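Nothing here was measured: the structure is a model prediction, and the numbers come from that model. First the proteins, then the strands, lettered A, B, ... as listed; each starts at 1.
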Amino acid sequence: MSDYRRIKIDQAAAHVGEPVEIAGWLYNLRKSGKIIFPLVRDGSGIIQGVAVKANIPVEVFEMLKDLTQESSLILRGKLRAEARAVGGYELDVEQALLVQAVPLETPYPITPKEHGIDFLMDHRHLWLRSRRQHAILRVRHEIVKAIRDYFDSNGFTLVDTPIFTPAACEGTTNLFEVNYFDEEKLYLTQSGQLYNEATAMAFGNVYCFGPTFRAEKSKTRRHLTEFWMVEPEMAYATLEDVKRVAEELICFIVGRVLENRKPELATLERDLSKLESIKPPFPRMTYDDAVKILQAKGSEIVWGGDFGGTDETLLGEDFDRPLMVDRYPAEVKAFYFEPDPERPEVVLGVDVLASEGYGEVIGGGQRVYELDVLERRLADHGLPREAFEWYLDLRRFGGVPHAGFGMGVERAVAWLCGIEHIRETIAFPRMLNRARP
RNA sequence: UCCUCAGUAGCUCAAUGGUAGAGCAUUCGGCUGUUAACCGAAGGGUUGUAGGUUCGAGUCCUACCUGAGGAGCCA
């Protein structure tokens with residue numbers, strides 16, 4: 001019934017000269033007496049409309065003139081290429097339908113001016129409408145899709161692991177406890193890895209991809225209490241396979257983001273050369289060498305300790321691409337890491353430290369596969385054997401060398417977007433002092 | 001859990017121990033090419049909470065609350 005065809009703003013280039021309809025929200029309004037420039041966003045982009053008083057019905061002009069920010073509306077008119085407009089296209093408004101006006105008494109709280117982080121986080125549900133947040137979450141989507149495409153096209157089967165788990169995967173970190181009927185205590189998962197080992201013995205190469213929960217009282221720009229992690233696990237695989245797959249995965253993701261999300265990266269003012277340099281081979285070093293380098297740079301670290309945040313930054317600063325550090329002391333890593341057969345005091349684990357000081361984005365390695373070694377490691381870590389009987393079964397019934405890793409999605413998003421804080425990389429971040437909205 | 005910093009108008013911030021202010025937002029008026037538009041005017045406050053010092057506290061002291069940054073721990 002309408003002669004105007006409904007389009008999304010990001011499709012504007014294909015409809016120049018046509019009568020179209022944009023359904024969206026008023027992003028901003030500039031007016032100058034007898035001409036109005038409504039900026040409308042529709043989720044795919046932002047376009048500027050032009051409403052000239054002399055050319056449109058009086059009631060349409062009057063409605064637009066007093067429209068409040070974020071009121072929902074439908075604009076109809078002809079599309080035109082316009083160098084003066086942001087985005088390169090402009091809509092000559094002929095008709096406008098108000099869907100819902102934001103009341104004058106309760107104006108939209110997030111203005112085009114500056115706001116503090118506390119205010120913005122309190123209004124996260126509205127903040128998501130802004131350009132920057134929009135760009136970040138679109139890059140996140142691209143990264144998630146790239147991760148899935150990489151594994152799906154490389155022979156991995158998606159087998160998701162449970163969120164409710166009866167015991168710790170890693171004894172060191174804190175768990176969120178939940179009541180699970182009849183007062184049985186369960187915990188929110190902190191890693192799908194132990195279950196991945198079971199599914200890898202069933203399917204060969206697997207991955208799980210879901211939310212992870214850690215009740216750590218960490219207050220830093222790198223921590224969330226709820227975050228998304230992708231964890232591949234490969235049967236008949238070694239530490240070297242982990243390093244190869246991790247390197248391939250990261251390069252694949254970076255390639256996809258550069259290919260498909262240039263406009264978003266531009267919005268974020270990301271230095272593309274920092275992403276373009278992320279190519280194989282990534283530099284590799286042992287933990288031993290890393291400690292020597294850190295000591296030479298003035299770090300307090302001694303052999304046997306784990307790296308702090310500044311250590312990770314110090315190590316990475318000499319490279320324009322991620323750094324792989326392997327063979328950590330057994331004490332600093334979880335019980336399931338396979339000891340190096342040539343040096344039992346270190347384990348076959350590797351961390352991938354992102355460039356530009358973004359820190360650890362991937363951690364993984366080769367798993368213990370012999371029953372007696374695993375039993376000894378459980379005992380060394382003071383873990384209750386009963387809870388791990390099913391896990392020990394994997395070593396009783398055809399255990400094989402296997403390996404895998406976990407990649408934190410939000411850290412990868414923060415890194416590739418070049419943003420300061422991880423809280424903006426997920427729609428509704430859960431942190432130590434914030435679980436609302 | 002520890003360390004550091006902050007809390008003043010809807011928002012972002014100023015105010016030497018001496019009358020609580022500006023920009024933006026909002027309202028009213030003006031403007032036919034604006035780009036966080038601009039110009040003029042108006043309204044808007046229990047200075048996070050509770051005590052204390054002082055003739056006098058937004059400012060100094062104590063406790064608490066909330067938030068931010070960092071440490072430890074981690075992806």
Side-chain angles (χ1 to χ4, degrees), chain A residues 27-39 46-56 61 65-66 68-69 82-88 90 92 102-123 130-131 169-175 190-193 211-231 246 300 305-313 332-334 351-354 358-364 405-415 420-423 425-426 431-434:
Chain A
Y27 189 78
N28 200 2
L29 186 77
R30 289 186 284 267
K31 58 186 176 184
S32 175
K34 298 188 178 64
I35 185 167
I36 301 173
F37 300 95
L39 274 98
I46 296 177
I47 193 167
Q48 173 166 287
V50 189
V52 176
K53 192 171 188 178
N55 303 348
I56 60 172
F61 189 86
K65 182 165 73 73
D66 296 322
T68 42
Q69 192 189 353
E82 171 58 69
R84 285 175 292 185
V86 174
E90 203 167 64
D92 283 320
V102 174
L104 294 174
E105 314 82 66
T106 56
Y108 187 69
I110 302 178
T111 68
K113 291 280 179 178
E114 289 172 23
H115 299 282
I117 190 62
D118 187 32
F119 178 82
L120 289 171
M121 289 304 299
D122 284 343
H123 295 85
S130 71
R131 275 187 233 242
C169 294
E170 307 178 24
T172 52
T173 48
N174 299 316
L175 294 155
Q190 60 184 178
S191 166
Q193 188 228 309
T212 300
F213 307 87
R214 301 215 178 153
E216 291 158 2
K217 302 213 165 177
S218 301
K219 265 193 78 164
T220 81
R221 67 189 67 190
R222 302 187 306 278
H223 286 87
L224 298 170
T225 53
E226 175 183 319
F227 62 96
W228 284 65
M229 189 156 69
V230 59
E231 296 175 279
E300 304 276 305
D306 211 345
F307 303 136
T310 47
D311 289 329
E312 290 183 354
T313 304
V332 305
K333 289 290 176 188
D351 284 352
V352 181
L353 308 179
Y358 277 89
E360 186 183 345
V361 287
I362 283 180
F405 65 87
M407 182 173 81
V409 170
E410 288 77 12
R411 283 191 183 175
V413 175
W415 171 38
E420 191 71 3
H421 202 297
I422 198 170
R423 64 187 158 216
T425 63
I426 186 167
M431 295 175 292
L432 179 56
N433 288 318
R434 190 177 290 277

Exercise for the section: May I have the distance from A/R214 (atom CZ) to B/G72 (atom C1'), rounded to whole angstrom? Expected result: 15 Å
Problem - Candidate pair A/K333 and A/D306, rule salt bridge (Lys or Arg N to Asp or Glu O under 4.0 Å), full reasoning - result: CA-CA 9 Å; A/K333 289 290 176 188; A/D306 211 345; 5.2 Å; no
Handout entry: Any donor-acceptor N/O pair under 3.5 Å between B/G33 base and A/E90 side chain
Key = yes
Problem - Check: A/H115 side chain, B/C11 base, donor-acceptor under 3.5 Å - result: no
Practice task
Grab the CD1-C1' distance between A/I56 and B/U32 for me, whole Å please.
Solution key: 13 Å
Handout entry: side-chain N/O A/H421 vs B/G69 OP1/OP2, d < 4.0 Å
Key = yes
Exercise for the section: Could you tell me whether the side chains of A/E216 and A/T225 share a donor-acceptor contact shorter than 3.5 Å? Expected result: no
Handout entry: Pair assignment for B/G67, Watson-Crick or G-U wobble, requiring both distances under 3.5 Å
Key = B/C5
Exercise for the section: Output, in order, the C-alpha distance, side-chain angles, deciding distance and verdict of side chain to side chain donor-acceptor pair (under 3.5 Å) for A/R84 and A/Q48. Expected result: CA-CA 10 Å; A/R84 285 175 292 185; A/Q48 173 166 287; over 6 Å; no
Exercise for the section: Check the angle between the aromatic planes of A/H115 and A/F119 and answer parallel, tilted or perpendicular using the 30° and 60° thresholds. Expected result: parallel
Problem - N/O donor-acceptor pair, side chain A/R30 with base B/C31, under 3.5 angstrom - result: no
Practice task
Assign A/I36 to base, sugar-phosphate, or nothing according to its heavy-atom contacts below 4.0 angstrom with the strands shown.
Solution key: nothing
Handout entry: Donor-acceptor pair under 3.5 Å, A/S218 side chain vs B/G72 base
Key = yes
Exercise for the section: Taking the side chain as every heavy atom from C-beta outward, state whether A/I35 and A/V50 have any pair of such atoms under 4.5 Å apart. Expected result: yes
Handout entry: Comparing A/V50 and A/M431 on RNA chain B - which has the more 5′ nearest nucleotide
Key = A/V50
Exercise for the section: Using a cut-off of strictly less than 4.0 Å, decide whether A/R423 has a side-chain nitrogen or oxygen near OP1 or OP2 of B/G69. Expected result: yes
Problem - Heavy-atom donor-acceptor pair, A/K219 side-chain to B/A68 base, under 3.5 Å - result: yes
Practice task
Mind checking A/K53 for me? I need base, sugar-phosphate or nothing, with any heavy atom below 4.0 Å counting as a touch.
Solution key: nothing
Exercise for the section: Could you tell me whether the side-chain ring of A/F37 sits stacked on the base of B/G33, using a centroid cut-off under 5.5 Å and a plane angle under 30°? Expected result: no
Practice task
Would you indicate what A/D351 reaches in the nucleic acid, counting non-hydrogen atoms under 4.0 angstrom: base, sugar-phosphate, or nothing?
Solution key: nothing
